[in-house]
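Note that the structure is a prediction, hence the values are computed from the model and not measured.
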Amino acid sequence: MNTAVKSYAAVDLGASSGRVMVGRVGSDSLELNEVHRFPNRPVRVPEGLRWDVLGLYAGVLDGLRAAGRVDSVGIDSWAVDYGLLDADGALLGNPVHYRDSRTEGVAEKVWATVPAEELYAATGLQYAPFNTLYQLTAARSTARLAQARRLLLMPDLLTYWLTGEQGTELTNASTTQLIDPRTRDWAYGVAERLGIDLGLFAPLRQPGDPAGVLRPEVLEETGLTGPVPVTAVGSHDTASAVAAVPASGERFAYICTGTWSLAGLELGAPVLTEESRAANFTNELGLDGTVRYLRNIMGLWLLQECVRAWGETDLGALLLEASKVPALRSVVDAGDAAFLAPGRMPERIAEACRASGQPVPESPAEVTRCILDSLALAHREAVQDAQRLAGHPVDVVHVVGGGTRNALLCQLTADACGLPVVAGPTEAAALGNVLVQARAHGLAGDLAGMRRLLVRTQPLTRYEPRGGTERWHAAQNRLAGD
């Protein structure tokens with residue numbers, strides 16, 4: 001047995017912050033430490049909302065310098081957004097943020113050419129106004145796209161800057177609405193009908209594939225000694241997070257919690273029915289031929305925006321006060337696109353409650369309880385619908401990501417689903433990132449083996465459901481207007 005312990009740098013970029021974690025992996029050990037964290041602040045310029053990708057790259061370099069000697073580097077990030085390169089490989093401006101308004105009304109133009117039903121049957125991707133396909137359609141007549149010779153999704157762009165090599169990692173490519181989840185290759189017919197040039201994309205890579213080595217300039221900047229390989233991981237952060245769900249067997253649901261909640265199942269094949277499309281479920285690709293069958297829910301973004309509006313807030317005290325507010329007094333649809341844009345979140349939640357004839361939450365604690373009840377209700381609906389649509393029953397719900405720190409949300413999710421919730425690990429995306437690197441270098445087994453290692457090494461908390469689910473069912477009906 002290989003008893004060596006190796007170190008892997010996981011660059012994990014979220015919508016509000018980035019971090020570099022170092023995972024030390026042995027045959028029966030797994031430790032993860034954060035070595036550098038940095039903000040990810042979008043910038044609003046006259047032409048719209050943009051990512052400060054140069055600031056992100058500087059944060060990555062700082063993190064690699066802090067990491068010290070590592071055996072490999074892997075990058076994961078949020079989905080759908082991209083940078084465009086010119087014929088010399090230079091970046092053509094800052095990447096557009098998925099919350100930018102340029103895609104408003106674009107979906108209807110796409111559906112006029114490829115109806116929504118056909119698009120879903122071909123790509124299995126839920127409707128989201130910011131999918132890459134809609135972004136590219138919105139950019140069609142721009143000078144920047146006309147000048148572009150290469151399109152790299154965000155983690156692939158940063159990998160290119162680190163290594164000089166270009167590729168398109170598959171799990172993230174599957175969020176573009178340009179991948180066929182059955183063939184795990186491009187949806188050539190869809191792209192052709194919509195006039196999207198798939199030649200803009202670099203060749204597809206699988207998680208675990210080599211993605212180059214750090215360039216000499218990067219070694220000099222970070223103080224690392226080469227060669228340091230870069231390994232393609234599940235570069236969509238949700239793909240890495242699902243890889244780190246500490247489940248045994250197949251009868252589990254997962255909820256990846258953070259700015260978004262992504263709730264669903266791990267399947268062996270996509271569900272491409274019209275009923276699935278109507279329920280707004282997506283089929284994204286995961287490790288080892290798996291499909292991440294899930295629904296996007298607005299997530300803790302709702303609370304993050306409220307806290308931003310309220311100013312300096314003691315989150316622990318706020319959650320304690322929220323736990324004392326009567327349950328299910330008011331709920332909103334946590335999947336409603338009306339909550340997508342930033343700004344005025346407490347007022348918008350109050351307006352939604354008023355419009356639906358429910359008591360209007362006034363204090364921060366009341367608004368917070370409304371948000372957490374609403375998220376738990378959305379989690380319940382997603383887990384129920386996924387089981388029904390996929391014909392795949394579950395016995396337990398695994399909650400991973402930042403929401404595991406929110407004990408009230410975890411307990412409410414158990415109550416709403418009527419199923420035990422196992423919460424942890426918190427840094428699931430970084431752990432999945434590390435484990436895919438370790439596996440590529442011979443230090444971790446198959447997906448089931450990776451998960452057994454997580455169970456043995458990571459702190460997990462179990463929440464049992466309290467009471468019946470009747471009141472949650474009633475709240476569900478109330479929200480539906482029944």
Original post:
Take atom CD in Glu250; do more than 12 heavy atoms of anything else shown fall under 6.0 Å from it?
Top reply: no
**OP:** Would you mind reporting whether Leu340 and Trp301 have side-chain heavy atoms less than 4.5 Å apart?
**Re:** no
Original post:
Do Leu92 and Leu85 have side-chain heavy atoms sitting under 4.5 Å apart?
Top reply: no
Original post:
When you check the side-chain N and O atoms of Asp71 and Gln437, is any donor under 3.5 Å from an acceptor?
Top reply: no
Original post:
Would Val332 and Cys353 count as a side-chain contact (heavy atoms from CB on, under 4.5 Å) if you check the C-alpha gap in whole Å, the side-chain angles of each, and the deciding distance to 0.1 Å?
Top reply: CA-CA 7 Å; Val332 297; Cys353 292; 3.8 Å; yes
Original post:
Does Leu419 reach the side chain of Val394, with side-chain heavy atoms less than 4.5 Å apart?
Top reply: yes
Original post:
Once you round to the nearest 0.5 Å, how far does CG of Leu153 lie from OG1 of Thr168?
Top reply: 6.0 Å
Subject >> Between Thr282 and Tyr127: side-chain donor-acceptor atoms closer than 3.5 Å >> reply: no
**OP:** Give a yes or no on whether a salt bridge exists between Arg344 and Glu305, defined as a side-chain N under 4.0 angstrom from a carboxylate O.
**Re:** no
**OP:** Would you check if Leu294 and Cys256 make a side-chain contact, meaning some heavy-atom pair closer than 4.5 Å?
**Re:** no
Original post:
Do you see a donor-acceptor pair shorter than 3.5 Å between the side chains of Arg478 and Gln358?
Top reply: yes
**OP:** Determine whether Val53 and Leu158 make a side-chain contact, defined as any pair of heavy atoms from C-beta on separated by less than 4.5 Å.
**Re:** yes
Original post:
Any side-chain donor-acceptor pair under 3.5 Å between Gln126 and Arg295?
Top reply: no
**OP:** Please determine if Arg451 and Glu266 form a salt bridge, counting it only when a charged side-chain N lies under 4.0 Å from a carboxylate O.
**Re:** yes
**OP:** Determine whether more than 12 heavy atoms belonging to other residues, nucleotides or ligands lie under 6.0 Å from atom CD of Glu192.
**Re:** no
Original post:
How far does CG of Asp12 sit from CG of Asp76, to the nearest 0.5 angstrom?
Top reply: 4.0 Å
**OP:** Examine distances only and state if a side-chain atom of Asn283 and a backbone atom of Val271 form a donor-acceptor pair shorter than 3.5 Å.
**Re:** yes
Original post:
Do Thr175 side-chain atoms and Asn172 backbone N/O form a donor-acceptor pair below 3.5 Å?
Top reply: yes
**OP:** Return yes if some donor-acceptor pair links the side-chain N/O of Tyr254 with the main-chain N/O of Leu262 below 3.5 Å, else return no.
**Re:** no
Subject >> Worked check of salt bridge (Lys or Arg N to Asp or Glu O under 4.0 Å) between Arg388 and Glu381 >> reply: CA-CA 11 Å; Arg388 175 176 53 82; Glu381 289 185 84; over 6 Å; no
Original post:
Does any pair with a residue in residues 135-163 pass salt bridge (Lys or Arg N to Asp or Glu O under 4.0 Å), and if so which ones, sequence neighbours excluded?
Top reply: none
Original post:
Can Tyr120 and Ser276 be counted as having a side-chain donor-acceptor contact under 3.5 angstrom?
Top reply: yes
Subject >> Min side-chain heavy-atom separation Leu178-Thr123 under 4.5 Å >> reply: no
Original post:
Gln458 side chain to Pro425 main-chain N or O, any donor-acceptor pair under 3.5 Å?
Top reply: no
Subject >> side-chain contact (heavy atoms from CB on, under 4.5 Å) partner of Val20, the single match among Val73, Val35, Asp62 >> reply: Val35
Subject >> Check: Pro42 main-chain N/O paired with Arg50 side-chain donor or acceptor under 3.5 Å >> reply: no
Original post:
Is there side-chain contact between Pro155 and Glu169, with at least one heavy-atom pair below 4.5 Å?
Top reply: no
Subject >> Atom pair CH2/CD1 of Trp260 and Ile255 - distance to nearest 0.5 Å >> reply: 15.5 Å
Original post:
More than 12 non-hydrogen atoms from neighbouring residues, nucleotides or ligands closer than 6.0 Å to CZ on Arg251, yes or no?
Top reply: yes
Subject >> Salt bridge flag under 4.0 Å for residues Arg354 and Glu347 >> reply: no
Original post:
So, does Ser240 use its side chain to make a donor-acceptor pair with the main chain of Gly234 at under 3.5 Å?
Top reply: yes
**OP:** With rounding to the nearest 0.5 Å, note down the distance linking CE in Met298 to CE in Met345.
**Re:** 7.5 Å
Original post:
Does the Asn94 side chain pair with the main chain of Asp52, one donor and one acceptor, at a distance under 3.5 Å?
Top reply: no
Original post:
Counting only N and O atoms by type, is there a donor-acceptor contact under 3.5 Å from the side chain of Ser17 to the main-chain atoms of Pro39?
Top reply: no
Subject >> Cation-pi geometry met for Arg215 and Trp161 (6.0 Å, 45°) >> reply: no
Subject >> Side-chain (Arg380) to main-chain (Cys417) donor-acceptor, under 3.5 angstrom >> reply: no
Original post:
Roughly how far, to the nearest 0.5 Å, is the CH2 atom of Trp472 from the OG1 atom of Thr413?
Top reply: 7.5 Å
Original post:
Any luck finding a side-chain donor-acceptor pair between Thr171 and His236 under 3.5 Å?
Top reply: no
Original post:
Would you say Leu157 and Leu91 make side-chain contact, with heavy atoms under 4.5 Å?
Top reply: yes
**OP:** Determine the interplanar angle of the Trp51 and Trp78 rings, folded into 0 to 90°, and report it as parallel if under 30°, tilted if 30 to 60°, perpendicular if over 60°.
**Re:** tilted
Subject >> Carboxylate-amine/guanidinium proximity below 4.0 Å for Arg184 and Glu284 >> reply: no
Subject >> Any residue meeting ring pair (Phe, Tyr, Trp, His ring centres under 6.0 Å) with Phe38, in chain and number order, not counting sequence neighbours >> reply: His36
Subject >> Spacing of CG belonging to Leu435 relative to CE belonging to Met450, to within rounding of 0.5 Å >> reply: 4.5 Å
Distance-only check: which donor-acceptor pairs under 3.5 Å involve side-chain atoms of residues 194-206, not counting sequence neighbours?
| from | atom 1 | to | atom 2 | distance (Å) |
| --- | --- | --- | --- | --- |
| Asp197 | OD1 | Gly199 | N | 2.8 |

